[in-house]
Structures are given as structure tokens and as C-alpha cells.
Amino acid sequence: MAITVYNTLSGKKEPFEPLRPGHVGIYLCGPTVYKPSHIGHAVGPIIFDTIKRYLTFRGYKVTWVVNVTDVDDKLIDEAARQGTTTVELGRRVLADYLAAMKKLNIGYPGDDHAPGDLRTAGGGIDHMPKASEHIGDICRIIQTLIDRKHAYVLGGDVYFDVTSDPDYGKLSHRSIEDQEGQRELKSGDKRHPGDFALWKAAKPDEPDEVKYDSPWGKGRPGWHIECSAMSARLLGETFDIHGGGMDLVFPHHENEIAQSESATGRVFAKYWLHHGLTRFNTKKVSKSDTSPEALAAMKRMTLHNLLAELTPEHVRFFVLSTHYRRPIDFSDDNLEATKKGLERFYTLFERVQRETGRSVYEAVDRAGPLGGSGSSGDAGSEHHARFVEAMDDDFNTAGAIAALHDAVSPINALMDRGGAAPDDVLTLAGGLMQRGRLLGLFLIPPTAAPAASDEKLGEVMQVLLEVRQRLRKKKDFETGDFIRDALTRIGITLKDRSDGTDWKME
RNA sequence: GGCGGCGUACCCAAGUGGACCAAGGGGACGGAUUGCAAAUCCGUUAUUCGUCGGUUCGAAUCCGACCGCCGCCUCCA
């Protein structure tokens, strides 16, 4: 059984064979920290965290890098608009991004999870390099490109010469000639309109903190080059997987390939994995769309607001319920449907705990991550096989979630029949949970309802339920139902069971 | 205009040549259970995969044309 991945470079699914057996290097293009991150910025991390968890389960040692672009024109403009520095702005936006990563159980360097924390085990970002801290590496690559006649200096700028790279366009499958058609490209003084900046000379009105020294004078790196420099530094000149959103295929990734391969003469990345873009009611979520609807949608889609509105697990489940290469459409209807799907699992885990007297979470915590030495559960089951088969096939999380759902009914049916051995129920539910955890789900029990921790409310509910119970004994169902309906309206649902009544608050 | 992706039931969504007269979730409907609900279980809900042609013993899956939707097309943004 082998893992296959869809490679944008070839346009096909290919068997996944890392360069170094047992080791995988992954580079994911991260955020440019100039505006609050939105859901689109979380999709890559969620998917690649899941990929890493799965590859770890399959026995690979994975090193995952996510870069932070903190030197950029947009950053300079936005900082000026806000009357602050690029450093302060970048720091603030990055903190907001990391807070979201933390909520989503995506580990990162410097987070406060203990080593081996179950929430992030198997996944997590290993390095988050910043462009501003790799100027030296960047300059060295540029110099190499100049020496090898792949780049030229123009004033204080340095440009990459696309005609010097015979492969240019191989990722996005477009030739240099293709781009000379319809659209009029202004070339300025560049030799070719397709040539792109490796280094930009500082302009007088720009803040001092973005004026870096270089052999070509003060300035700053162009977009693209930081990824070539930082990936080489942390993963080597050739590494396994390079990922990012579909919108980065051209020009960003195309240019990264051109620079890196022209500088090193070696293959840059073996597999290119691009995830679909996030839409809101069928439109791409984009920071540059300034229509009123888009701005309103953006406000809601901002990670800060979205994670206040939805549970992080719901966001993750929602993202993973579509194959990563396809676009994800955020809409209230779609969110509602996945929320109900997710609740099916919670309901099951609660029921198992009630009927066996043991928490599935605790049982699985003790067993450790699936694939580890202490693995328990139904690892040999048909459901497990289907799960693995789906994930092996280009990380088909949608198919894997279907396999998760398939395991729910049989467990409920087993308990419905009565008389099942608690160990059997726990084994099945534990196996289901362990697979879910490979997707970063079911890591911790869903947050208790805010009121469940409020002692007074709990006591009041006890009284209310007792009153209702007495009414029902006297067959006064009308009043009993009135209490239930009234509570439902304020977001508290009751569930009558033969041995008592459960209540739950939204 | 070029390049790329997509179009599967009421909605979301997997499947990309035979194990598919098409997973899974949501919804709806019927049954079991329940005082009634909730939850749960059982069942029904696409002989068909945008349209039309073609290749093939065989196609949702390959090819062509067309229709529709989306993304990208480079400093400046």
C-alpha cells in the first residue's frame, strides 16, 4: 500500500517517495503579515497539519516549515496608513495568526504546549522563519544568480532574467510566449516584461527599518526570493513537498522554482501540492476585494471573528470535509450541516461514557497515538482499512471522514441491542477516535457548555428537572412539556432517558 | 486572448476505464423506540454523473465540441 499525491508539476497523481527514506521535508507558504488573517490563511495550515499527522502515523519523520513574509510593499503601505512601523504591524498580525493556530491545535515553535502534548502530537509546524531574518541568505542567492547570468542589476534593483531559464513556466504550464499575447505588459527598463524583482532599491520615502544593506545598495528583497532562501536553509536545496494555495502557482511558485533551480542546478521541490481557495457564497475570499459585500464577508471570515463564532474543531472539520484541492465554500447552510455531522460523534462518545462508565478520551489518551507502540482500538477493522485507503489516496480527508461516519452506526446499534461488553464498545469507539485524531479531531472533549461550570445554574436546573419529573409522574405532560419547550427556546435542550434527564446548553 | 480547475441527488460531497444500476453527511419521508419529544436504530430518497457526439467488449471516469461557474495571467498593485 503506497501513498499517492497529486503533483501540480506533472498534473498527475504520483507515488509518494521521499528523497530520504523515512524523512519528509515540507515547506508551506505562510502569511504576509500586513492584515488580519482570514479563513483562507488557516486552510493551508489545517491541511498540512493533517498531512503531517498522517505521515507521522505512517512512520515518517516530518519537518514542516511555514514562512512568514514580513518584508513587503503591502506591509510598508499598511504600516504607513496606520501610522505605525512595519515591525510593530507584523508583530501584531503574526500574534493574531499564532493565536488562531493555537486554537486550531496546530503546534508551532515557541507555543506553550509541552513536548508530546496530545493536542499537537504528530503534527505541528517545526520552523517559522521570517524574511527579515534571512536577508544574508537572500543576498547570497541573488549574487549567485547574478554570477551565473540568471539575473542582472538595473540601478539599485536586481531582476531575474526569465529567458535564461529554459524551464520557465513548467509549474503553471504556460510559456513565456503565452504571456505576451492579450495583455499588454509594461516592461519599463527590464529586459523582458516577465522578469521579476529579486531585490528592490530603497525609495527615499520608505521607513529605515526596511532598508537593508546589500551589494547593490540599500533595499529589500522582492517577493518570492525569501522562500527560496529560507527553504534551502531549513530543508536543503532539494526537498520533498512544497505547498500553498492555488493562487500562488503563478507567479509566486513559478518564480521560486526558476530562482532556486537556476541558482543550485538542482531540483527545487519534488512534489507541489496546491489547495483550493476558500469562497464565501461562491466568491473567493480576498484581501484585495473592496466591495461592501466582500468587506462584510471578510470581517466575518477573519480568523479572530470566525473562531469566536465557531468552535475550532468545527472549522477544522469543515475544511477537511472537502478534498484539499477543491474550493471550499463557506456558507451558513454548509456550516450548519457539518456541525450536525460533527455532533453525531460527540453524542456517540458521550453515550459510550454513560453506558460503559469510562471516558473514551481517557482510554485513548492512555493508549497513545495510533501507530505508536501502545495502539489499541479496532485497527484491523474494515473501517480502519477504508480510512487508510482514503488518506493514502492524495490525503482524501473527505473520504476518510466518510469512513469515520461509517463506524458510528454499528457502535450505536451494538449499545441499542444491550448487553454489549463495555470493553468491546470502548475498543470500537476508541478506534474511531484514534482515526479522528489523525485528522486532528476529537483531541479533547468538546468544551463544556459555559453554564455547565456555573454551579448555581446547575443547581437551578436540578430543581427544575425535579419539578418536571414530579409533574410527569402525575401525568401532567402538558406542564412538563411547557418547561421543556420553554427551555428549548432559550437554548437548553432536554433529553429524557429511562433513568433520568440530561440537559445541554448551546 | 492564454493557462489551470470545476459542473455527481433537494443541499454539501467522495469516486476519475470493469468490485459503481455511484460512498458519506445534512435535509425530507416511512417504521421501531418514547406519554410526546430529543438521541438512537432500520428503511426510502441519482438505472444516473452539465449537454451533445466519439473511442471501447465496457465510461461519471478517456477524446472532441458546446454551455455554465471559478481562479491565475508577473515591477507599479
Quantified in whole Å, what is the [atom1] atom distance between nucleotide [N] and nucleotide [M]?
N	M	atom1	answer
B:A59	B:C75	C1'	48 Å
B:U61	B:U56	P	16 Å
B:G15	B:G1	P	32 Å
B:C62	B:U45	C1'	32 Å
B:A13	B:U34	P	39 Å
B:C3	B:C66	P	13 Å
B:U33	B:U47	P	33 Å
B:G25	B:A14	C1'	11 Å

Tell me which of A:Lys340 and A:Pro410 sits closer to the 5' end of RNA chain B, going by the nucleotide each one is nearest to.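 Per heavy-atom nearest nucleotide, the more 5' residue is A:Lys340.
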
Mapping A:Gly480 and A:Phe196 to their closest nucleotides on RNA chain B, which lands nearer the 5' end? A:Gly480

Please determine, for the side chain of [X], which listed nucleotide ([options]) has the closest atom?
X	options	result
A:Asp393	B:G71, B:G15, B:U40	B:G15
A:Ala413	B:C41, B:G71, B:A14	B:C41
A:Phe250	B:A77, B:C73, B:C41	B:C73
A:His173	B:G4, B:G24, B:C72	B:G4
A:Asn396	B:G26, B:C36, B:A14	B:A14
A:Lys13	B:A13, B:G24, B:U16	B:U16
A:Arg326	B:G35, B:G7, B:C70	B:G7

A:Cys29 side, atom SG; A:His242 side, atom NE2 - distance, nearest 0.5 Å: 3.5 Å

Base, sugar-phosphate, or nothing for [X], non-hydrogen atoms under 4.0 angstrom?
X	answer
A:Leu248	nothing
A:Lys200	sugar-phosphate
A:Thr8	nothing
A:Arg417	nothing
A:His323	sugar-phosphate

Is it true that [Y] and [X] share a donor-acceptor pair across their side chains at a distance under 3.5 Å?
X	Y	answer
A:Gln469	A:Arg472	yes
A:His274	A:Thr8	yes
A:Arg148	A:Ser164	no
A:Tyr346	A:Glu313	yes
A:Thr4	A:Glu14	no
A:Asp72	A:Thr32	no

Whole angstrom value for the distance that separates [atom2] of [N] from [atom1] of [X]:
X	N	atom1	atom2	answer
A:Asn412	B:A39	CG	P	12 Å
A:Glu254	B:G4	CD	P	12 Å
A:Lys74	B:C75	NZ	P	9 Å
A:Asp416	B:C42	CG	P	8 Å
A:Arg325	B:U16	CZ	C1'	10 Å
A:Met246	B:C69	CE	P	20 Å
A:His405	B:C41	NE2	P	12 Å
A:Ile483	B:A38	CD1	P	19 Å

Name each donor-acceptor pair under 3.5 Å that joins a side chain in residues 415-424 of chain A to protein atoms two or more places apart or in another chain, with its distance.
| unit_1 | atom_1 | unit_2 | atom_2 | d |
| --- | --- | --- | --- | --- |
| A:Asp416 | OD1 | A:Arg351 | NH1 | 3.2 |
| A:Asp416 | OD1 | A:Arg351 | NH2 | 2.7 |
| A:Asp423 | OD1 | A:Arg358 | NH1 | 3.2 |

Whether A:Ser409 contacts B:C41 is assessed here as follows: a side-chain N or O lying under 4.0 Å from the phosphate OP1 or OP2. Is that the case?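 The answer is yes; a side-chain N or O of A:Ser409 sits under 4.0 Å from OP1 or OP2.
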
Does the side chain of A:Lys35 reach to within under 4.5 Å of the side chain of A:Val93, using non-hydrogen atoms?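 The answer is no, as the side chains (C-beta and beyond) never meet within the 4.5 Å cut-off.
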
By the definition salt bridge (Lys or Arg N to Asp or Glu O under 4.0 Å), identify the one residue from A:Lys218, A:Lys211, A:Arg220 that meets it with A:Glu206.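 Between A:Glu206 and the candidates, salt bridge (Lys or Arg N to Asp or Glu O under 4.0 Å) is satisfied uniquely by A:Arg220.
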
Can you check whether any acceptor in the base of B:C70 is under 3.5 Å from a donor in the side chain of A:Arg279, or vice versa?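 Flag unset: no donor-acceptor pair detected.
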
Would you state whether a donor and an acceptor, one from the side chain of A:Asp333 and one from the base of B:G26, lie under 3.5 Å apart? no

Take N1-N3 plus N6-O4 or O6-N4 for Watson-Crick, N1-O2 plus O6-N3 for G-U, both under 3.5 Å. Which runs of 3 or more such pairs involve RNA chain B?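 Stems (3+ consecutive pairs) listed as B:1-7 with B:67-73, B:10-12 with B:24-26, B:27-32 with B:40-45, B:50-54 with B:62-66.
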
